[in-house]
Participant: 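Submitted below is the structure of interest, expressed as structure tokens.
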Amino acid sequence: MSLNGLNSLYREVILDHSEHPHHKQSLSEATNKITLKNPTCGDVINLEIKLDGDKITDIGFTGEGCTISQSSASMMTDAVLNKTTTESLEMAHIFSDMIMGKKHSQSDLDKLGDAAILSSIMQFPARIKCATLCWWALRKSLGDEDDD
Amino acid sequence: MDKQLQQIRKDFPILNQKVNDEPLVYLDNAATSQKPNQVIDEIVRYYQNDNANTRRGVHTLGERATEEFEAARQKVQQFINAKESREIIFTKGATDSLNLVASTYGEDNIEAGDEIVISVMEHHSNLIPWQQLANRKKAVLKYIGLTADGQLDMADARKQITDKTKIVSIVHASNVLGVTNDIKQLAKIAHAHNAIMVADGAQAVPHMSVDVQDLDVDFYAFSGHKMLAPMGIGVLYGKADLLKAMSPYQYGGEMIDFVEKYQSTWTDIPWKFEAGTQNVSGAVGLSKAIDYLSGIGMENVENYEKELVSYVLPKLLEIDGLTVYGPQDADHHSGVISFNLKGLHPHDVATALDMDGVAIRAGHHCAQPLMKYLDLVATARASFYIYNNKQDADELIQAICDTKEFFKV
């Protein structure tokens, strides 16, 4: 078994987030809601956000998915909670670029928190959609629909 | 026999490679099969010697290409025992074949209130064409359900097919559940109600002997690429009388009789349904693939795959937390085996197996209504073919056990 290969994708942090996802719940007072599907595998994410002015004061997600999609959503909710929409969308773009292999400064990557560890997904092109689904949901729910 | 099949791996150069530093174990045959040297060489031979457009010129290469294309048609006719070669239409694949029937026969014959009967185990290619036709015509789309062990519920079939039914279209062998449906019996039921019987044979023709006259189907669709032939060539069989009465599928070169400024007439079947330049190298490759399979014998193919399933299925079922969908006994299960590991998403299973060099499919297998019916999001799927062996089965089992250990499920 190429355990090294698996270890490079499924780092401990990723497995932790998937086993004990953060903010995996539905919100009672969401201001923005969206459901996105990954048509290739049927995975679904329901993302709920509570905006107070321009600030994300609460966030939660539900749905089904693989280890990567669940941990990515968990890490994303950690990263964007208590951030402004502008900051959050900037992070979404950094994440998207990072996963596509574009270079970013360390300070940019630091903004993503745990989520930066998903850069390892680059080596697994078939799984990129699993990691990006939640970030797409975030962008859509905040009205940012532009392609990169 | 077994010995002969042990030998054939050398005909498939692609199998002889390492993936992620492990020897490749290719178990995604329900998605597409690999191609033997004989087929690859035949396509090269065609392009190096005989390539020209068919039925257009009078020059020698044009005649050769036409001859080979028509010889391939006869080869297919004999392979599935059609009555006449003009009942064989070349298409892009099973999807194209089924769309052809829906948009010609279906468009011409379905009216508001008519019923079209399919089953919940259909691949999207034998579902969406009928769903959209029914929506366009305000017809009723009905689904035959499954028995508890995932087989087609024939009692329900008798209920769903009524005198209002005009078309019954059912998959011959499932790409998810590993079951083979009794198309002959379904055709009898359909005909008793004056409905036509369509069968999707994409997962059947590569693996078993198919006789369209014995099945008494009106239309039968399959793809070349799942049976050792290249991608982009497929077949629609149709009874001559039905084909003759049908409107063309597409319009263009070589499907016409006479074209005037404001009117045209169509040429005879099968060419009426083959507009534009055809995939001659694909047909030539398919012909060679049929030779290859016939050389082994379809009964031997079927028996060998049965032997593999009898070997691997019990081993899979022994794995703690592993669920196999469809029948649990090897006698009723084809080489298409869908499964899930408790506590792990099938995408993670497929990635982990790939790290071990084992190629399987994960997802909804283009059968979303079936997934919903089974209350699943997705499954993993291992599917076997003639060049797989017991060692491949052992590698699969080992890789699943490694995966369980890694993810602690």
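Note that these values count all heavy atoms, side chains included, but never hydrogens, waters or copies made by symmetry.
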Participant: Pick one of side chain, backbone, both or neither for L376(B), based on which atoms fall under 4.5 Å of a heavy atom in chain A.
Facilitator: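 It is neither, since no heavy atom gets under 4.5 Å.
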Participant: With a 6.0 Å cut-off (strictly less than), is the heavy-atom count around CE of M122(A), excluding the residue itself, greater than 12?
Facilitator: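 Yes, the 6.0 Å shell around CE holds more than 12 heavy atoms from other groups.
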Participant: What is the distance from atom CG of L6(A) to atom CG of L353(B), rounded to the nearest 0.5 Å?
Facilitator: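 These two atoms lie 9.5 Å from each other.
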Participant: Of the backbone (N, CA, C, O) and the side chain (C-beta and beyond), which part of D43(A) lies under 4.5 Å from a heavy atom of chain B, both, or neither?
Facilitator: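 Both backbone and side chain.
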Participant: To the nearest 0.5 Å, tell me how far E64(A) CD sits from H345(B) NE2.
Facilitator: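 Output value for this atom pair is 7.5 Å.
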Participant: CD1 of I68(A) to OG1 of T351(B): how many Å apart, nearest 0.5 Å?
Facilitator: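 Between I68(A) CD1 and T351(B) OG1, I get 7.5 Å after rounding to 0.5 Å.
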Participant: If you count heavy atoms of other groups shown closer than 6.0 angstrom to CD of E12(A), is the number above 12?
Facilitator: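 Open.
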Participant: Under 6.0 Å from the CD atom of E405(B), do we count more than 12 heavy atoms belonging to anything else shown?
Facilitator: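 Count not over threshold, so no.
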Participant: Within a radius of less than 6.0 Å around NZ of K111(A), do more than 12 heavy atoms belonging to other residues, nucleotides or ligands occur?
Facilitator: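 Counting neighbours around NZ of K111(A), more than 12 heavy atoms of other residues, nucleotides or ligands fall under 6.0 Å, so yes.
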Participant: Just checking D320(B): does its CG atom have more than 12 heavy atoms from other residues, nucleotides or ligands closer to it than 6.0 angstrom?
Facilitator: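 Counting other residues, nucleotides and ligands, CG of D320(B) stays at 12 neighbours or fewer.
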Participant: Counting only heavy atoms closer than 4.5 Å, note whether L9(A) contacts chain B via side chain, backbone, both or neither.
Facilitator: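 Just the side chain, heavy atoms under 4.5 Å.
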Participant: Measure from the side-chain N and O atoms of D348(B) to the backbone N and O of T67(A), and report whether any donor-acceptor pair falls under 3.5 Å.
Facilitator: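 Between the backbone of T67(A) and the side chain of D348(B) there is a qualifying donor-acceptor contact (under 3.5 Å).
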Participant: Any side-chain heavy-atom pair from D354(B) and F124(A) closer than 4.5 angstrom?
Facilitator: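 No, every pair of side-chain atoms sits at 4.5 Å or beyond.
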Participant: Crowded around K140(A) NZ? As in, over 12 foreign heavy atoms under 6.0 Å?
Facilitator: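 Result for NZ/K140(A): open.
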Participant: Strictly distance-based, threshold 3.5 Å: is any side-chain N or O of R127(A) a donor or acceptor partner for the main-chain N or O of H347(B)?
Facilitator: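 Answer holds: yes.
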Participant: So for atom CG, which belongs to N16(B), do other residues, nucleotides or ligands contribute more than 12 heavy atoms lying within a distance under 6.0 Å?
Facilitator: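 Not more than 12 within 6.0 Å, no.
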